Amino acid sequence: MSVITSLGPRSREKDQALERELAARYHHHGDLAARRELVERFLPLARDLALRYAYTDEPVDDLMQVACLGLLKAIDRYEPGRGSKFTSYAVPTILGELKRHFRDKGWALHVPRDLQERALRVGRASEKLSASLGRSPTPAEVAEELGCRVEDVLEASEAASTYETASLDAPFSREADEPAALGDMVGAEDGGYSLVATRDAVADTWGSLPEVEREVVRLRFVNDLTQREIGERIGFSQMHVSRLLRRALQQLRESAAQAA
């Protein structure tokens with residue numbers, strides 16, 4: 001129980017009046033000593049709110065820093081003239097800063113805010129049920145605890161797995177003498193299938209080309225003859241050889257592009 005909530009009614013009223021006075025001194029007169037005293041008084045509150053998320057993988061020191069930043073924002077934005085309690089403004093401000101930290105800095109992949117918050121609720125409910133049941137709860141039990149659908153729990157659990165990512169260079173198995181990297185175990189599209197399809201398409205087109213066009217292509221790219229040398233060998237002009245070669249290559253390129 002925090003120091004603030006453990007006080008009696010009269011002590012709380014006295015403290016709230018002092019807190020409003022300190023806030024007024026800071027906001028109306030720029031009294032930095034009053035601001036510093038407010039920070040010291042509410043550091044236990046910031047710590048308690050930060051520890052709500054201690055079950056996550058975030059370092060507690062980082063959570064404390066974020067909560068303290070939220071406390072400073074609450075002090076600077078609080079309006080004592082409205083008459084409301086400082087804690088009524090500070091608590092949602094600090095919690096908002098913590099949630100913003102998880103949304104913007106904690107997740108390795110972009111996940112919608114509502115799904116992030118649901119994942120956090122599912123995590124807390126699972127931890128609570130695990131303690132009471134002595135085992136891991138089922139998705140249905142978590143859904144009943146939260147009053148939501150089982151599909152919502154499953155979606156939140158799946159989203160929680162994207163909170164951190166693993167390096168592709170990380171060892172896949174620490175027990176092996178020469179462990180493979182995780183990246184070596186990730187499947188990828190085999191480009192060989194596309195190459196086979198392209199070759200088949202080009203072969204079909206090649207077979208349908210006139211004999212003279214096939215001969216021109218063979219002499220140009222297999223025998224490495226110039227267009228003039230090809231013309232002299234088959235009895236055509238260089239310009240005619242150029243047209244035959246261009247037409248044959250155009251058909252081969254089109255068939256390869258369609259197969260890709």
Side-chain angles (χ1 to χ4, degrees), residues 56-58 99-120 122-123 139 149-260:
T56 66
D57 293 330
E58 284 293 290
K99 292 177 180 178
R100 190 175 301 110
H101 169 76
F102 282 107
R103 184 182 74 244
D104 298 338
K105 304 293 178 61
W107 294 75
L109 300 178
H110 175 71
V111 176
R113 181 174 181 178
D114 61 334
L115 187 53
Q116 290 183 17
E117 294 178 353
R118 195 196 319 157
L120 293 174
V122 167
R149 300 179 305 166
V150 175
E151 290 80 1
D152 294 333
V153 173
L154 295 174
E155 183 183 28
S157 299
E158 182 68 20
S161 66
T162 66
Y163 186 77
E164 292 182 339
T165 55
S167 171
L168 292 177
D169 295 327
F172 183 74
S173 173
R174 295 188 177 91
E175 298 177 358
D177 294 335
E178 295 182 0
L182 181 59
D184 297 334
M185 310 302 292
V186 177
E189 183 176 351
D190 191 342
Y193 292 107
S194 176
L195 181 59
V196 169
T198 301
R199 284 176 175 172
D200 288 344
V202 170
D204 291 342
T205 304
W206 175 262
S208 65
L209 291 176
E211 178 63 28
V212 65
E213 291 185 7
R214 293 202 302 270
E215 181 65 10
V216 167
V217 173
R218 185 183 64 81
L219 292 174
R220 177 68 186 91
F221 294 102
V222 177
N223 293 17
D224 198 24
L225 300 182
T226 65
Q227 292 182 9
R228 181 179 61 79
E229 292 170 334
I230 296 172
E232 291 175 353
R233 177 169 295 193
I234 64 176
F236 289 160
S237 68
Q238 180 179 346
M239 183 177 295
H240 189 49
V241 169
S242 177
R243 286 198 296 268
L244 292 173
L245 184 62
R246 184 168 57 252
R247 187 166 58 209
L249 293 178
Q250 179 65 27
Q251 293 183 63
L252 293 172
R253 290 193 188 99
E254 289 177 355
S255 62
Q258 292 173 1

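Heavy-atom basis, side chains included; hydrogens, waters and symmetry copies ignored. Computed from a predicted model, the values in this text were never measured in an experiment.
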Passing candidate, side chain to side chain contact (heavy atoms under 4.5 Å, CB included) with V241, options V216, L225, T226: V216
With a 3.5 Å distance limit and no angle check, can you tell me whether E155 reaches the backbone of D152 through a side-chain donor-acceptor pair? no
For R243, salt bridge (charged side-chain N to carboxylate O under 4.0 Å, His left out) partners two or more places apart: none
Hits for side chain to side chain donor-acceptor pair (under 3.5 Å) against Q251, two or more places apart or cross-chain, chain-then-number order -> none
If the condition is salt bridge (charged side-chain N to carboxylate O under 4.0 Å, His left out), which residues does R218 pass it with, not counting sequence neighbours? E215
For R199, side chain to side chain contact (heavy atoms under 4.5 Å, CB included) partners two or more places apart: L195
Which residue in the set R220, R247, R246 passes salt bridge (Lys or Arg N to Asp or Glu O under 4.0 Å) when paired with E213? R247
List the residues meeting side chain to side chain donor-acceptor pair (under 3.5 Å) with Q227, not counting sequence neighbours, and say none if there are none. none
Closest heavy-atom contact between S255 and A201? O-CB, 3.7 Å
Among pairs that include at least one residue of residues 198-239, which meet ring pair (Phe, Tyr, Trp, His ring centres under 6.0 Å), considering only residues two or more places apart or in two chains? F236-H240
Taking only residues at least two apart or on different chains, which pairs with a member in residues 248-257 satisfy salt bridge (Lys or Arg N to Asp or Glu O under 4.0 Å)? none
Does the R118 side chain pair with the main chain of V153, one donor and one acceptor, at a distance under 3.5 Å? no
Within this structure, what is the CG-CG distance for the pair L244 and L249, rounded to the nearest 0.5 Å? 10.5 Å
Taking all atoms of both residues into account, what is the closest heavy-atom pair of L115 and A156, and its distance? CD1-CA, 4.1 Å
Under the side chain to side chain donor-acceptor pair (under 3.5 Å) test, residues paired with S237 that sit two or more places apart: none
With E151, which residues qualify under salt bridge (charged side-chain N to carboxylate O under 4.0 Å, His left out), at least two apart? none
Pairs touching residues 231-242 that satisfy salt bridge (Lys or Arg N to Asp or Glu O under 4.0 Å), sequence neighbours left out: R228-E232
Apply side chain to side chain contact (heavy atoms under 4.5 Å, CB included) to L219 and I234, showing your working. CA-CA 10 Å; L219 292 174; I234 64 176; 4.1 Å; yes
When rounded to the nearest 0.5 angstrom, what distance separates CG in L245 from CD1 in I230? 6.5 Å
